[in-house]
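Order of appearance sets the numbers: ligands from 1, and atoms from 1 within every ligand.
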Amino acid sequence: MNYPLRSAGWLLIYLLFILAPLFALILGAMPPARDFWTEFSVALGYAGLAMMGLQVGLTARFRYVTEPLGEDVIYHFHRQISLIAVGLVVAHPIILFVVRPELLALLNFIEAPWRARFAALSTYSLIALVIMALWRVQLKIRYETWHLTHIILAVTALVAGILHMVGWSFYLGDPWKRGLWIMLSVFWLGLLLYVRVVKPLFMLRKPYRIAQVRQERGETTTLVMEPQGHDGFRFSPGQFGWLTVWGSPFSITGHPFSFSSSAEAPDGRVEMSIRNLGDFTSSVASLQVGQRVYLDGPYGAFTLGQHSDMRVLIAGGVGITPMISMIRTLADRGDRQPVILIYGSKDWESITFREELAALEKEST
Ligand SMILES: Cc1cc2nc3c(=O)[nH]c(=O)nc-3n(C[C@H](O)[C@H](O)[C@H](O)COP(=O)(O)OP(=O)(O)OC[C@H]3O[C@@H](n4cnc5c(N)ncnc54)[C@H](O)[C@@H]3O)c2cc1C
C-alpha cells in the first residue's frame, strides 16, 4: 500500500477509536435524559478521555504507523491533539459547574465522593502536564526529569480518568457498553505495557557493542556499534534510531540520533555521530570500546527518493549526519548520479567530515 493511502487509513482508524465508543454510548438502553449542557459536557469528557488513551499509541513508535508519516509528524500530532484532549477534559467540569453550581461542592476534596476525587486528580495532572510540556525550557527542567514526570502525570491522568468514568457509570448501565469501555481501557493500558515492558524486553535480547569511538571535527564523536548475537537491522540512509547507554532498554529516556554510516555497511554495523551539545552528548566521548548499548530503530521518513530525483542536500552543523549517510550509501552503491551538498558550519575548522567529503567529491569527478 502506498504512503498517502496508509496515512489516510491510520487517520480513519484513529477517528474510529475516538468517535465509535462515544456514539456507542447513545445506542441501546439510555439513562433518563438531562439538560443539553450536562449531556454535552459529559460527551466532551468521554471524547477527551478516548483521545488521552490513544496518546500512548501515538508515542509507542510502531514502525508500521510512523513509516508513512514520519516520526516528527507523529510527535507534532501528539502535541497538538493533547492540547485538544486536555481542553475537552477541562471543559467538562467547567460547563457542569456553570449549569449546575451545586456541583461546585465536589471540589471539596475531603468530602467529595471518590469518583469526584479521581476527576480532580485527572484534571490537575493534565494541567500540570501541559504546563510542563509547554514551558519546560523556561521552567529550567532537565529533559530526563521532564520525560519521567510527563509519563507519571499522563498515566495518573488516564487511570484516574478511567476510575472517574467507571465510578460515575451514568452511561455504562448496559453491560455491552461497560464491556466496550473496559476493553478500550485495557487496550490503552496494554499499549503502555507494550511500550514500557514488552518492547524493552525485545531490545534487551538484541544488544549492541561499541566497536570504535572516533573523534571528528566540530566536537563530534562517532560511535561505531556492532550487533551482539543477532543480525542487527537494515535502515535507509537519513533514518535515525534511539540510543540508550549506561542503562537498560527499560530506561525512560533514549536519545535520538541519525545513522551516519552507509546503509550498505556489512554485518549490521551502524554509526552515529554525536555533537557535544548538552549533558548526555558531552559524555559520549568518554564511552569505551566494548561497552554495551541498545538501539531502537530505524525510524523516520526522511530518506533518499527515486533514483531519477535531483539530489540537493542542505545541512547545517550536526545536521550533516543523515546527509553523510546518504552520500556514503550512494558511493557504496556505485551510484553516479550527481549530488549537490549545501553545508553550513560556524567555522571552517568545525566542518565535520570535511576531508571525507572533499575526497568523495574528487573521486566522483
Ligand atoms: C530525529 C533526530 C535526529 C538527531 N540526530 C542527531 C545526530 O545525528 N547527531 C547529534 O549530535 N544530534 C542529533 N539529534 C539531537 C540530539 O538528539 C540531541 O542533541 C540530544 O538528545 C541532546 O541531549 P543532551 O542531553 O546532550 O542535551 P540537553 O542539554 O539535555 O538537551 C538539549 C535539548 O535537546 C533535546 N533533547 C534532549 N534529550 C532528548 C531526548 N532524549 N529526546 C529528544 N530530544 C532531546 C531537548 O529539546 C533539549 O532541550 C537528533 C535529534 C532528533 C530529534
Determine, using ring centers only, whether Phe240 and His255 are less than 6.0 Å apart.
no
Less than 4.0 Å from atom 18 (C) of ligand 1, is there any heavy atom belonging to the protein?
no
What's the shortest distance from atom 9 (N) of ligand 1 to any protein heavy atom, and which residue and atom give it?
Ser273 O, 2.9 Å
Under-4.0 Å heavy-atom contact with ligand 1, by part of Phe240 that carries it
side chain
Suppose we call two aromatic rings close when their centres sit under 6.0 Å apart. Are Tyr194 and Phe62 close by that rule?
yes
Examine the proximity of ligand 1 to Asp279 and report which part, side chain or backbone, both or neither, has a heavy atom under 4.0 Å away.
both
Would a distance-only check, ignoring hydrogens and angles, find a side-chain to backbone donor-acceptor pair under 3.5 Å from Lys199 to Arg61?
yes
Can you confirm whether the side chains of Gln239 and Ser258 place a donor and an acceptor under 3.5 Å from each other?
no
Distance from atom 8 (O) of ligand 1 to nearest protein heavy atom, with residue and atom:
Thr321 OG1, 2.7 Å
Just to confirm my output: which protein heavy-atom neighbour is closest to atom 13 (C) of ligand 1, and how far is it?
Phe257 CD2, 3.6 Å
Tell me the contacting part of Thr281 for ligand 1: side chain, backbone, both, or neither, using a 4.0 Å heavy-atom threshold, strictly below.
both
Do protein heavy atoms approach atom 34 (O) of ligand 1 to less than 4.0 Å?
no
Would you mind checking if Arg328 and Glu264 are paired as a salt bridge, meaning a charged N to carboxylate O distance below 4.0 Å?
no
Give me the ring orientation class for Trp37 and Phe40: parallel if the planes are under 30° apart, tilted from 30 to 60°, perpendicular past 60°.
perpendicular
Say you draw a straight line from CG of Leu103 to CD1 of Ile95; how long is it, rounded to the nearest 0.5 Å?
13.0 Å
Can you say whether the rings of Phe280 and Phe257 are parallel (under 30°), tilted (30 to 60°) or perpendicular (over 60°)?
parallel
Determine the interplanar angle of the Tyr75 and Trp242 rings, folded into 0 to 90°, and report it as parallel if under 30°, tilted if 30 to 60°, perpendicular if over 60°.
tilted
Considering only protein heavy atoms, which is closest to atom 4 (C) of ligand 1, and at what distance to one decimal place?
Pro256 O, 3.5 Å
Against ligand 1, does Arg136 come closer than 4.0 Å with any heavy atom?
yes
Within the structure, does Thr253 bring an N/O atom to less than 3.5 angstrom of an N/O atom in ligand 1?
no
Closest approach of any protein heavy atom to atom 41 (N) of ligand 1, naming residue and atom
Gly254 O, 2.8 Å
Within the structure, does Phe280 bring an N/O atom to less than 3.5 angstrom of an N/O atom in ligand 1?
yes
In terms of residue, atom name and distance, what is the protein heavy atom nearest to atom 37 (C) of ligand 1?
Tyr143 CG, 3.6 Å
Provide the closest heavy-atom pair for Pro298 versus Phe259 in the form atom of the first, atom of the second, distance.
CB-CE1, 3.9 Å
Report, in ascending order of atom number, the atoms of ligand 1 lying under 4.0 Å from any heavy atom of Ile274.
11 (O)
Please identify which atoms of ligand 1 are closer than 4.0 Å to at least one heavy atom of Val318.
9 (N), 10 (C), 11 (O)
Please report whether atom 53 (C) of ligand 1 has a protein non-hydrogen atom at a separation of less than 4.0 Å.
yes
Considering only protein heavy atoms, which is closest to atom 5 (N) of ligand 1, and at what distance to one decimal place?
Ser258 N, 3.1 Å
Thr253 and Glu144: CA distance, side-chain angles, deciding distance, side chain to side chain donor-acceptor pair (under 3.5 Å) verdict:
CA-CA 6 Å; Thr253 307; Glu144 287 78 1; 5.7 Å; no
Specify the protein heavy atom at minimum distance from atom 11 (O) of ligand 1: its residue, its atom name, and the distance to 0.1 Å.
Arg275 N, 2.8 Å
Is Glu216 paired with Arg275 through a side-chain N to carboxylate O contact shorter than 4.0 Å?
no
